[in-house]
Amino acid sequence: MKSKDELFQKNDELEKEKGFCQAIWVNRIVMNEQFDTELDFFTITRIDSSQYISERLKNAIEANGITDWTFTPAVNLVVE
């Protein structure tokens with residue numbers, strides 16, 4: 001899918017076909033120039049259940065000795 005409109009259209013099609021659509025999973029998410037790169041924490045709930053944090057926040061968490069966090073690189077997220 002290349003746009004939010006395509007996502008919503010596919011969601012509507014699945015709801016009509018199956019009676020529900022909980023989520024559409026994608027392999028790659030591209031954030032365009034409108035994405036706010038100053039965000040330190042965000043989710044993309046319509047297509048992904050992950051929580052994302054910036055490298056800046058990750059570094060601050062580690063620098064302040066906050067423990068019990070597991071960080072996994074977001075290999076599916078591309079910011080252009």
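Residue numbers count from 1 along this sequence.
- Hydrophobic clustering, with ILVMFWY side chains joined whenever heavy atoms are under 4.5 angstrom apart, keeps Ile53 apart from Leu77.
- Within the 4.5 Å cutoff, the side chain of Val79 has heavy atoms near those of the Phe35 side chain.
- Note on residues 63-73: no pairs pass side chain to side chain donor-acceptor pair (under 3.5 Å), not counting sequence neighbours.
- Across every non-hydrogen atom of Asp40 and Ser54, the tightest pair is OD1-OG, 2.6 Å.
- Side-chain atoms of Arg28 do not come within 3.5 Å of backbone N or O of Val75 as any donor-acceptor pair.
- Here Ile66 contributes atom CD1 and Lys58 contributes atom NZ; the two are 13.0 Å apart, rounded to the nearest 0.5 Å.
- Through direct or indirect side-chain contacts shorter than 4.5 Å among Ile, Leu, Val, Met, Phe, Trp and Tyr, Val78 is connected to Val30.
- Side chains of Ile44 and Tyr52 form a contact here, defined as non-hydrogen atoms less than 4.5 Å apart.
- What you find for Glu38 and Arg56 is that their closest heavy atoms are O-NH2, 3.1 Å.
- With sequence neighbours left out, the side-chain contact (heavy atoms from CB on, under 4.5 Å) criterion links Asn32 to Gln34.
- Put simply, CE on Met31 and CZ on Phe42 are 5.0 Å apart, with the number rounded to the nearest 0.5 Å.
- Side chains of Asn59 and Glu62 form a contact here, defined as non-hydrogen atoms less than 4.5 Å apart.
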